[in-house]
2 protein chains.
Amino acid sequence: MPLRADARANRAALLTSAARLFTDQGPDVALDAIARDAGVSIATLYRHFPSREALIAEAYGAEIAALGEVDLAEGTAADALTRWLARFVEYARTKRALGDLVHALPEGSSPPAREVIVDALERILAAGARDGSLTTDQDAQDVLALLAGLWTLPDGPEWPARAGRLARFVVAGLKSSDSLTGQPPL
Amino acid sequence: MPLRADARANRAALLTSAARLFTDQGPDVALDAIARDAGVSIATLYRHFPSREALIAEAYGAEIAALGEVDLAEGTAADALTRWLARFVEYARTKRALGDLVHALPEGSSPPAREVIVDALERILAAGARDGSLTTDQDAQDVLALLAGLWTLPDGPEWPARAGRLARFVVAGLKSSDSLTGQPPL
DNA sequence: AGCTAAACGTAGGCTCCCTACGCTTATGCC
DNA sequence: GGCATAAGCGTAGGGAGCCTACGTTTAGCT
(Lines give C-alpha, C1' and ligand atoms only; values in the text may rest on other atoms or scores of the structure.)
Protein backbone atom coordinates (compact mmCIF):
# COMPACT_ATOMS: atom_id res chain seq x y z
CA MET A 1 0.00 0.00 0.00
CA PRO A 2 1.20 3.45 -0.83
CA LEU A 3 2.37 5.91 1.81
CA ARG A 4 -0.07 8.32 3.27
CA ALA A 5 0.16 11.83 1.85
CA ASP A 6 1.69 13.41 4.95
CA ALA A 7 4.21 10.62 5.22
CA ARG A 8 5.26 11.13 1.63
CA ALA A 9 5.70 14.86 2.16
CA ASN A 10 7.73 14.35 5.31
CA ARG A 11 9.92 11.81 3.61
CA ALA A 12 10.63 14.21 0.77
CA ALA A 13 11.35 17.06 3.17
CA LEU A 14 13.75 14.86 5.09
CA LEU A 15 15.63 13.91 1.96
CA THR A 16 15.90 17.53 0.87
CA SER A 17 17.17 18.67 4.24
CA ALA A 18 19.53 15.73 4.49
CA ALA A 19 21.09 16.40 1.11
CA ARG A 20 21.63 20.04 1.98
CA LEU A 21 23.01 19.49 5.45
CA PHE A 22 25.25 16.62 4.43
CA THR A 23 26.73 18.73 1.70
CA ASP A 24 27.08 21.82 3.85
CA GLN A 25 28.28 20.29 7.08
CA GLY A 26 29.69 16.88 6.26
CA PRO A 27 28.56 13.35 6.99
CA ASP A 28 28.39 13.77 10.76
CA VAL A 29 25.53 16.22 11.12
CA ALA A 30 23.29 15.34 14.02
CA LEU A 31 20.22 13.50 12.80
CA ASP A 32 18.14 15.69 15.09
CA ALA A 33 19.36 18.68 13.13
CA ILE A 34 18.17 17.15 9.88
CA ALA A 35 14.78 16.32 11.38
CA ARG A 36 14.42 19.81 12.81
CA ASP A 37 15.42 21.34 9.50
CA ALA A 38 12.77 19.28 7.76
CA GLY A 39 10.20 20.32 10.34
CA VAL A 40 9.54 16.85 11.68
CA SER A 41 10.52 14.98 14.80
CA ILE A 42 13.47 12.68 15.17
CA ALA A 43 11.10 9.71 15.50
CA THR A 44 9.73 10.41 12.06
CA LEU A 45 13.21 10.45 10.63
CA TYR A 46 13.92 7.04 12.15
CA ARG A 47 10.61 5.71 10.93
CA HIS A 48 11.54 6.47 7.34
CA PHE A 49 15.27 5.79 7.52
CA PRO A 50 16.39 3.20 10.02
CA SER A 51 20.00 4.34 10.00
CA ARG A 52 22.20 7.24 9.04
CA GLU A 53 23.52 5.20 6.15
CA ALA A 54 20.06 4.55 4.79
CA LEU A 55 19.41 8.26 4.81
CA ILE A 56 22.65 9.10 3.03
CA ALA A 57 21.99 6.36 0.52
CA GLU A 58 18.58 7.75 -0.41
CA ALA A 59 19.66 11.37 -0.31
CA TYR A 60 22.40 10.60 -2.80
CA GLY A 61 20.50 7.96 -4.71
CA ALA A 62 20.89 9.76 -8.00
CA GLU A 63 24.64 10.01 -7.67
CA ILE A 64 24.97 6.37 -6.71
CA ALA A 65 22.86 5.31 -9.66
CA ALA A 66 24.96 7.49 -11.94
CA LEU A 67 28.10 5.73 -10.73
CA GLY A 68 26.49 2.45 -11.63
CA GLU A 69 26.40 3.48 -15.27
CA VAL A 70 29.49 2.74 -17.32
CA ASP A 71 30.08 4.07 -20.81
CA LEU A 72 32.14 1.50 -22.67
CA ALA A 73 31.08 2.69 -26.11
CA GLU A 74 33.85 5.16 -26.82
CA GLY A 75 37.54 4.31 -26.81
CA THR A 76 39.26 1.66 -24.74
CA ALA A 77 38.27 0.41 -21.34
CA ALA A 78 41.08 2.56 -19.96
CA ASP A 79 39.34 5.60 -21.43
CA ALA A 80 36.10 4.50 -19.86
CA LEU A 81 37.86 4.16 -16.52
CA THR A 82 39.22 7.69 -16.83
CA ARG A 83 35.76 9.06 -17.54
CA TRP A 84 34.17 7.09 -14.72
CA LEU A 85 36.84 8.23 -12.30
CA ALA A 86 36.29 11.85 -13.24
CA ARG A 87 32.70 11.50 -12.11
CA PHE A 88 33.73 9.61 -9.00
CA VAL A 89 36.19 12.33 -8.05
CA GLU A 90 33.60 15.03 -8.62
CA TYR A 91 31.14 13.28 -6.30
CA ALA A 92 33.87 12.77 -3.74
CA ARG A 93 34.48 16.49 -3.80
CA THR A 94 30.91 17.69 -3.52
CA LYS A 95 29.24 14.84 -1.65
CA ARG A 96 31.66 13.99 1.13
CA ALA A 97 29.06 11.92 2.94
CA LEU A 98 29.21 9.36 0.16
CA GLY A 99 32.52 8.21 1.59
CA ASP A 100 30.80 6.72 4.60
CA LEU A 101 28.72 4.58 2.30
CA VAL A 102 31.52 3.47 0.06
CA HIS A 103 34.16 2.67 2.60
CA ALA A 104 32.16 1.59 5.60
CA LEU A 105 33.57 -1.55 7.10
CA PRO A 106 30.50 -3.71 7.52
CA GLU A 107 31.03 -7.22 8.82
CA GLY A 108 28.51 -8.99 6.68
CA SER A 109 26.19 -6.77 4.74
CA SER A 110 27.96 -4.08 2.82
CA PRO A 111 25.55 -1.35 1.76
CA PRO A 112 24.05 -1.54 -1.72
CA ALA A 113 25.80 1.68 -2.69
CA ARG A 114 29.11 -0.04 -2.39
CA GLU A 115 27.84 -2.96 -4.44
CA VAL A 116 26.78 -0.66 -7.24
CA ILE A 117 30.21 0.91 -7.41
CA VAL A 118 32.13 -2.33 -7.19
CA ASP A 119 29.90 -3.66 -9.94
CA ALA A 120 30.68 -0.75 -12.21
CA LEU A 121 34.40 -1.13 -11.62
CA GLU A 122 34.18 -4.84 -12.31
CA ARG A 123 32.57 -4.19 -15.67
CA ILE A 124 35.29 -1.72 -16.57
CA LEU A 125 38.06 -4.06 -15.48
CA ALA A 126 36.48 -6.94 -17.38
CA ALA A 127 36.30 -4.82 -20.52
CA GLY A 128 39.92 -3.86 -19.96
CA ALA A 129 40.89 -7.49 -19.76
CA ARG A 130 39.10 -8.13 -23.06
CA ASP A 131 40.56 -5.23 -25.00
CA GLY A 132 43.91 -5.48 -23.27
CA SER A 133 43.98 -1.88 -22.11
CA LEU A 134 43.94 -2.68 -18.39
CA THR A 135 45.85 -5.04 -16.16
CA THR A 136 44.13 -7.92 -14.42
CA ASP A 137 46.34 -7.70 -11.35
CA GLN A 138 43.86 -5.73 -9.26
CA ASP A 139 40.23 -6.50 -8.71
CA ALA A 140 37.46 -3.96 -8.25
CA GLN A 141 37.75 -3.94 -4.48
CA ASP A 142 41.45 -3.20 -4.73
CA VAL A 143 40.74 -0.23 -6.95
CA LEU A 144 38.11 1.07 -4.59
CA ALA A 145 40.54 0.76 -1.68
CA LEU A 146 43.06 2.80 -3.65
CA LEU A 147 40.46 5.52 -4.03
CA ALA A 148 39.80 5.68 -0.29
CA GLY A 149 42.37 8.42 -0.08
CA LEU A 150 39.95 10.79 -1.76
CA TRP A 151 37.88 10.90 1.41
CA THR A 152 40.82 11.57 3.69
CA LEU A 153 42.20 14.49 1.71
CA PRO A 154 41.59 17.73 3.59
CA ASP A 155 39.32 19.92 1.52
CA GLY A 156 40.71 23.23 0.44
CA PRO A 157 42.00 24.86 -2.69
CA GLU A 158 44.49 22.06 -3.30
CA TRP A 159 41.88 19.34 -3.21
CA PRO A 160 41.19 19.09 -6.94
CA ALA A 161 44.84 18.98 -7.88
CA ARG A 162 45.66 16.32 -5.33
CA ALA A 163 42.59 14.28 -6.20
CA GLY A 164 43.46 14.51 -9.87
CA ARG A 165 46.98 13.24 -9.26
CA LEU A 166 45.59 10.39 -7.20
CA ALA A 167 43.13 9.37 -9.89
CA ARG A 168 45.72 9.60 -12.65
CA PHE A 169 48.09 7.49 -10.59
CA VAL A 170 45.48 4.79 -10.29
CA VAL A 171 44.65 4.83 -13.99
CA ALA A 172 48.30 4.76 -14.94
CA GLY A 173 48.98 1.83 -12.65
CA LEU A 174 46.06 -0.11 -14.01
CA LYS A 175 47.15 0.51 -17.57
CA SER A 176 50.63 -0.93 -17.47
CA SER A 177 50.57 -4.49 -16.35
CA ASP A 178 54.22 -5.10 -17.25
CA SER A 179 55.75 -2.99 -14.49
CA LEU A 180 53.91 -5.05 -11.93
CA THR A 181 55.15 -8.50 -12.87
CA GLY A 182 58.12 -10.01 -11.17
CA GLN A 183 57.76 -7.90 -8.05
CA PRO A 184 59.17 -9.54 -4.95
CA PRO A 185 56.46 -10.21 -2.37
CA LEU A 186 56.25 -7.40 0.12
CA MET B 1 59.64 19.28 37.64
CA PRO B 2 59.19 15.54 37.40
CA LEU B 3 55.85 13.89 37.86
CA ARG B 4 54.85 12.62 41.24
CA ALA B 5 55.28 8.88 41.73
CA ASP B 6 51.58 8.07 41.70
CA ALA B 7 51.06 10.18 38.61
CA ARG B 8 53.86 8.38 36.83
CA ALA B 9 52.41 4.98 37.71
CA ASN B 10 48.92 5.98 36.59
CA ARG B 11 50.27 7.32 33.35
CA ALA B 12 52.09 4.08 32.65
CA ALA B 13 49.04 2.02 33.54
CA LEU B 14 46.92 4.12 31.20
CA LEU B 15 49.33 3.63 28.32
CA THR B 16 49.44 -0.12 28.88
CA SER B 17 45.67 -0.42 29.01
CA ALA B 18 45.26 1.86 26.02
CA ALA B 19 47.64 -0.13 23.87
CA ARG B 20 45.89 -3.37 24.73
CA LEU B 21 42.35 -2.10 24.27
CA PHE B 22 43.12 -0.23 21.06
CA THR B 23 44.65 -3.34 19.59
CA ASP B 24 41.88 -5.63 20.83
CA GLN B 25 38.85 -3.49 20.15
CA GLY B 26 39.84 -0.88 17.60
CA PRO B 27 40.31 2.87 17.74
CA ASP B 28 36.85 3.64 19.09
CA VAL B 29 37.00 2.10 22.54
CA ALA B 30 35.34 4.30 25.12
CA LEU B 31 37.91 6.31 27.02
CA ASP B 32 36.08 5.44 30.21
CA ALA B 33 36.80 1.79 29.49
CA ILE B 34 40.51 2.49 29.20
CA ALA B 35 40.51 4.46 32.43
CA ARG B 36 38.58 1.74 34.23
CA ASP B 37 40.92 -0.91 32.88
CA ALA B 38 43.87 1.06 34.19
CA GLY B 39 42.21 1.44 37.57
CA VAL B 40 41.96 5.22 37.47
CA SER B 41 39.18 7.70 36.89
CA ILE B 42 38.31 9.28 33.60
CA ALA B 43 39.49 12.64 34.90
CA THR B 44 42.96 11.27 35.42
CA LEU B 45 43.03 10.02 31.88
CA TYR B 46 42.12 13.48 30.59
CA ARG B 47 44.68 15.06 32.86
CA HIS B 48 47.45 13.07 31.23
CA PHE B 49 46.14 12.94 27.68
CA PRO B 50 44.02 15.85 26.57
CA SER B 51 42.52 13.99 23.65
CA ARG B 52 41.99 10.54 22.27
CA GLU B 53 44.60 11.26 19.63
CA ALA B 54 47.20 12.22 22.20
CA LEU B 55 46.62 8.91 23.93
CA ILE B 56 46.93 6.89 20.73
CA ALA B 57 50.03 8.81 19.81
CA GLU B 58 51.78 7.98 23.07
CA ALA B 59 50.52 4.42 23.21
CA TYR B 60 51.99 3.80 19.79
CA GLY B 61 54.98 6.08 20.17
CA ALA B 62 57.46 3.31 19.43
CA GLU B 63 55.76 2.37 16.18
CA ILE B 64 55.57 5.96 15.05
CA ALA B 65 59.22 6.53 15.81
CA ALA B 66 60.09 3.38 13.90
CA LEU B 67 58.24 4.68 10.86
CA GLY B 68 60.34 7.80 11.08
CA GLU B 69 63.47 5.78 10.42
CA VAL B 70 64.39 5.19 6.82
CA ASP B 71 67.05 2.80 5.68
CA LEU B 72 68.57 4.15 2.51
CA ALA B 73 71.82 2.22 2.82
CA GLU B 74 70.94 -0.86 0.85
CA GLY B 75 69.82 -0.86 -2.76
CA THR B 76 67.86 1.86 -4.54
CA ALA B 77 65.38 4.26 -3.04
CA ALA B 78 62.68 2.08 -4.56
CA ASP B 79 63.97 -0.81 -2.49
CA ALA B 80 63.95 1.38 0.59
CA LEU B 81 60.36 2.32 -0.17
CA THR B 82 59.40 -1.34 -0.41
CA ARG B 83 60.99 -2.10 2.93
CA TRP B 84 59.43 0.93 4.59
CA LEU B 85 56.02 0.02 3.21
CA ALA B 86 56.30 -3.51 4.53
CA ARG B 87 56.64 -2.06 8.01
CA PHE B 88 53.84 0.40 7.39
CA VAL B 89 51.52 -2.38 6.25
CA GLU B 90 52.40 -4.48 9.27
CA TYR B 91 51.53 -1.64 11.62
CA ALA B 92 48.34 -0.99 9.73
CA ARG B 93 47.37 -4.59 10.29
CA THR B 94 48.13 -4.86 13.97
CA LYS B 95 47.62 -1.30 15.17
CA ARG B 96 44.43 -0.20 13.49
CA ALA B 97 44.14 2.85 15.73
CA LEU B 98 47.16 4.36 14.03
CA GLY B 99 44.94 5.16 11.08
CA ASP B 100 43.12 7.83 13.05
CA LEU B 101 46.40 9.56 13.65
CA VAL B 102 47.69 9.31 10.13
CA HIS B 103 44.61 10.26 8.21
CA ALA B 104 42.82 12.59 10.57
CA LEU B 105 41.58 15.67 8.77
CA PRO B 106 42.69 18.44 11.06
CA GLU B 107 42.07 21.98 9.92
CA GLY B 108 45.29 23.52 11.08
CA SER B 109 47.45 21.35 13.29
CA SER B 110 48.01 17.90 11.94
CA PRO B 111 49.28 15.57 14.61
CA PRO B 112 53.03 15.04 14.91
CA ALA B 113 52.61 11.37 14.02
CA ARG B 114 51.54 12.36 10.57
CA GLU B 115 54.48 14.72 10.25
CA VAL B 116 56.91 11.96 11.12
CA ILE B 117 55.50 9.72 8.43
CA VAL B 118 55.31 12.39 5.77
CA ASP B 119 58.88 13.27 6.60
CA ALA B 120 60.06 9.71 6.12
CA LEU B 121 58.26 9.46 2.80
CA GLU B 122 59.77 12.74 1.68
CA ARG B 123 63.26 11.47 2.36
CA ILE B 124 62.58 8.32 0.40
CA LEU B 125 61.11 10.23 -2.53
CA ALA B 126 64.02 12.67 -2.50
CA ALA B 127 66.46 9.80 -2.59
CA GLY B 128 64.46 8.30 -5.43
CA ALA B 129 64.71 11.53 -7.35
CA ARG B 130 68.48 11.51 -6.86
CA ASP B 131 69.11 7.90 -7.87
CA GLY B 132 66.39 7.95 -10.50
CA SER B 133 64.55 4.93 -9.14
CA LEU B 134 61.35 6.82 -8.29
CA THR B 135 59.15 9.27 -10.10
CA THR B 136 58.80 12.84 -8.91
CA ASP B 137 55.18 13.08 -9.98
CA GLN B 138 53.74 12.42 -6.54
CA ASP B 139 54.69 14.07 -3.29
CA ALA B 140 54.72 12.44 0.13
CA GLN B 141 51.17 13.50 0.94
CA ASP B 142 49.94 11.94 -2.28
CA VAL B 143 51.57 8.67 -1.38
CA LEU B 144 50.08 8.74 2.08
CA ALA B 145 46.65 9.38 0.60
CA LEU B 146 47.10 6.35 -1.63
CA LEU B 147 47.79 4.27 1.45
CA ALA B 148 44.61 5.39 3.16
CA GLY B 149 42.90 2.36 1.71
CA LEU B 150 44.79 0.16 4.15
CA TRP B 151 42.65 1.46 6.97
CA THR B 152 39.37 0.90 5.15
CA LEU B 153 40.03 -2.71 4.23
CA PRO B 154 37.85 -5.03 6.30
CA ASP B 155 40.06 -7.21 8.42
CA GLY B 156 39.84 -10.89 7.85
CA PRO B 157 41.88 -13.62 6.27
CA GLU B 158 42.16 -11.73 2.99
CA TRP B 159 43.59 -8.64 4.58
CA PRO B 160 47.28 -9.38 4.06
CA ALA B 161 46.87 -10.33 0.42
CA ARG B 162 44.82 -7.27 -0.38
CA ALA B 163 47.14 -4.98 1.54
CA GLY B 164 50.13 -6.48 -0.24
CA ARG B 165 48.58 -5.87 -3.66
CA LEU B 166 47.78 -2.32 -2.65
CA ALA B 167 51.34 -1.65 -1.50
CA ARG B 168 52.89 -3.25 -4.57
CA PHE B 169 50.62 -1.18 -6.77
CA VAL B 170 51.85 2.00 -5.13
CA VAL B 171 55.51 1.02 -5.42
CA ALA B 172 55.08 0.03 -9.04
CA GLY B 173 53.39 3.28 -9.89
CA LEU B 174 56.07 5.30 -8.20
CA LYS B 175 58.78 3.43 -10.03
CA SER B 176 57.77 4.07 -13.61
CA SER B 177 57.54 7.73 -14.32
CA ASP B 178 57.16 7.24 -18.08
CA SER B 179 53.67 5.79 -18.05
CA LEU B 180 52.41 8.87 -16.25
CA THR B 181 53.55 11.53 -18.67
CA GLY B 182 51.28 12.86 -21.34
CA GLN B 183 48.11 11.91 -19.53
CA PRO B 184 45.14 14.06 -20.43
CA PRO B 185 43.87 16.04 -17.45
CA LEU B 186 41.12 14.18 -15.68
C1' DA C 1 54.84 15.43 62.17
C1' DG C 2 53.08 18.82 59.46
C1' DC C 3 52.57 21.72 55.34
C1' DT C 4 51.48 22.38 50.55
C1' DA C 5 50.90 21.81 45.96
C1' DA C 6 50.22 18.06 42.97
C1' DA C 7 47.18 14.64 41.75
C1' DC C 8 42.97 12.41 42.30
C1' DG C 9 37.76 10.91 42.04
C1' DT C 10 32.90 12.07 42.10
C1' DA C 11 29.33 13.95 40.21
C1' DG C 12 27.07 16.05 36.74
C1' DG C 13 26.17 18.69 32.32
C1' DC C 14 26.18 18.22 27.41
C1' DT C 15 25.25 16.02 22.94
C1' DC C 16 23.79 12.58 20.27
C1' DC C 17 21.46 8.13 19.41
C1' DC C 18 17.46 5.47 19.61
C1' DT C 19 12.78 3.70 21.31
C1' DA C 20 8.21 3.21 23.97
C1' DC C 21 4.01 5.04 24.21
C1' DG C 22 -0.01 7.63 23.74
C1' DC C 23 -2.07 11.17 20.68
C1' DT C 24 -3.41 13.05 15.97
C1' DT C 25 -5.13 12.81 11.43
C1' DA C 26 -5.54 11.12 6.57
C1' DT C 27 -8.30 8.06 4.17
C1' DG C 28 -11.85 4.83 2.83
C1' DC C 29 -16.60 3.58 3.70
C1' DC C 30 -21.36 4.42 4.66
C1' DG D 1 -20.67 14.88 5.12
C1' DG D 2 -19.50 12.24 9.04
C1' DC D 3 -17.14 8.53 11.28
C1' DA D 4 -14.11 4.49 12.25
C1' DT D 5 -9.51 2.93 12.01
C1' DA D 6 -4.95 2.24 11.38
C1' DA D 7 -1.12 4.85 9.62
C1' DG D 8 1.62 8.26 11.06
C1' DC D 9 3.25 11.48 14.33
C1' DG D 10 5.60 13.93 18.47
C1' DT D 11 7.02 13.92 23.27
C1' DA D 12 9.59 12.32 26.57
C1' DG D 13 13.15 9.83 28.35
C1' DG D 14 16.91 6.24 28.89
C1' DG D 15 21.60 5.19 27.55
C1' DA D 16 26.35 5.93 25.95
C1' DG D 17 30.19 8.73 25.52
C1' DC D 18 32.72 13.08 26.12
C1' DC D 19 34.47 16.49 29.00
C1' DT D 20 34.92 19.66 33.25
C1' DA D 21 34.21 21.97 37.98
C1' DC D 22 35.14 21.24 42.37
C1' DG D 23 36.17 19.42 46.77
C1' DT D 24 39.22 15.71 48.72
C1' DT D 25 43.30 12.91 49.20
C1' DT D 26 48.21 12.20 49.38
C1' DA D 27 53.23 12.27 47.94
C1' DG D 28 57.21 14.67 48.89
C1' DC D 29 59.74 18.08 51.31
C1' DT D 30 61.31 20.24 55.65
Side-chain angles (χ1 to χ4, degrees), chain A residues 1-59 96-97 99-101 104-107 109 111, chain B residues 1-59 96-97 99-101 104-107 109 111:
Chain A
M1 49 194 134
L3 279 178
R4 233 168 67 174
D6 52 351
R8 230 178 312 124
N10 286 340
R11 193 167 216 285
L14 280 167
L15 286 174
T16 306
S17 294
R20 216 194 55 248
L21 292 182
F22 279 135
T23 301
D24 288 1
Q25 315 192 21
D28 296 328
V29 208
L31 294 182
D32 314 45
I34 295 176
R36 218 176 316 123
D37 187 88
V40 301
S41 78
I42 181 67
T44 296
L45 186 150
Y46 274 99
R47 212 165 286 119
H48 287 292
F49 310 99
S51 68
R52 174 181 293 271
E53 285 68 34
L55 180 55
I56 302 180
E58 292 225 29
R96 304 293 294 246
D100 284 10
L101 248 54
L105 324 172
E107 278 307 307
S109 65
Chain B
M1 49 194 135
L3 280 179
R4 231 167 68 174
D6 53 350
R8 229 178 314 123
N10 285 340
R11 192 167 217 284
L14 280 167
L15 286 175
T16 305
S17 294
R20 214 192 58 247
L21 293 182
F22 279 135
T23 301
D24 287 2
Q25 316 194 18
D28 297 327
V29 209
L31 294 182
D32 314 43
I34 296 176
R36 217 175 317 121
D37 187 88
V40 302
S41 80
I42 181 69
T44 295
L45 186 151
Y46 274 99
R47 213 166 286 121
H48 287 292
F49 310 100
S51 68
R52 173 182 295 272
E53 283 69 35
L55 182 55
I56 302 180
E58 292 224 29
R96 303 292 295 245
D100 284 11
L101 247 55
L105 322 172
E107 279 307 307
S109 65

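In what follows, every chain begins at residue 1, and chains take the letters A, B, ... in the order their sequences are listed. Keep in mind the model is a prediction, meaning the values are calculated, not measured. Side chains included, hydrogens not; waters and symmetry mates left out as well; all remaining heavy atoms used.
- For dC8(C), one of the phosphate oxygens OP1 or OP2 lies less than 4.0 angstrom from a side-chain nitrogen or oxygen of His48(B).
- For the pair Gln25(A) CD and dC16(C) P, the computed distance is 11 Å after rounding to whole Å.
- When rounded to the nearest whole Å, the span between OH of Tyr46(B) and C1' of dG13(C) equals 14 Å.
- Among the protein residues, Ala30(B) comes within range of the sugar-phosphate backbone only, with heavy atoms under 4.0 Å from sugar or phosphate atoms but none that close to a base.
- Across all strands shown, Ala7(B) has heavy atoms under 4.0 Å from sugar-phosphate atoms exclusively, and none from any base.
- In this structure, Arg47(A) reaches the bases: a heavy-atom distance under 4.0 Å links it to at least one base atom across the strands shown.
- If you take CG on Leu55(A) and CD on Glu53(A), they are separated by 9.5 Å, rounding to the nearest 0.5 Å.
- Summarising the geometry, the separation between CG on Leu31(A) and P on dC18(C) is reported as 7 Å, rounded to the nearest angstrom.
- In this structure a side-chain-to-backbone donor-acceptor pair under 3.5 Å is present from Ser17(B) to Ala13(B).
- Under a 3.5 Å cut-off, the side chain of Arg52(B) and the backbone N or O of Pro27(B) do form a donor-acceptor pair.
- Across all strands, Ile42(A) comes closer than 4.0 Å to base atoms (heavy-atom distances).
- Interatomic distance, CG of Leu14(A) versus OH of Tyr46(A), reported as 12.0 Å (0.5 Å rounding).
- Comparing Arg52(A) and Gly39(B) along DNA chain C, the residue whose closest nucleotide (by nearest heavy atom) sits nearer the 5' end is Gly39(B).
- If you take CG of Leu45(B) and P of dT10(C), they are 15 Å apart, rounded to a whole angstrom.
- To the nearest angstrom, P of dC17(C) lies 11 Å from CZ of Arg36(A).
- For Thr16(A) (side chain) and Ala12(A) (main-chain N/O), a donor-acceptor pair under 3.5 Å exists by modelled atom type.
- Here the range on DNA chain D touched by chain A, meaning any atom under 4.0 Å from one of its heavy atoms, is dA7(D) to dT11(D).
- Considering CG of Asp32(A) and CD1 of Ile42(A), their distance stands at 4.5 Å, rounded to 0.5 Å.
- We find the CG-CG distance between Leu45(B) and Leu31(B) to be 5.5 Å, quoted to the nearest 0.5 Å.
- Where Leu3(B) and Asp6(A) meet DNA chain C, the nucleotide closest to each residue was compared, and Leu3(B) sits on the side nearer the 5' end.
- Looking at which nucleotide of DNA chain D each of Asp28(B) and Arg4(A) is closest to, the 5′-most match is held by Arg4(A).
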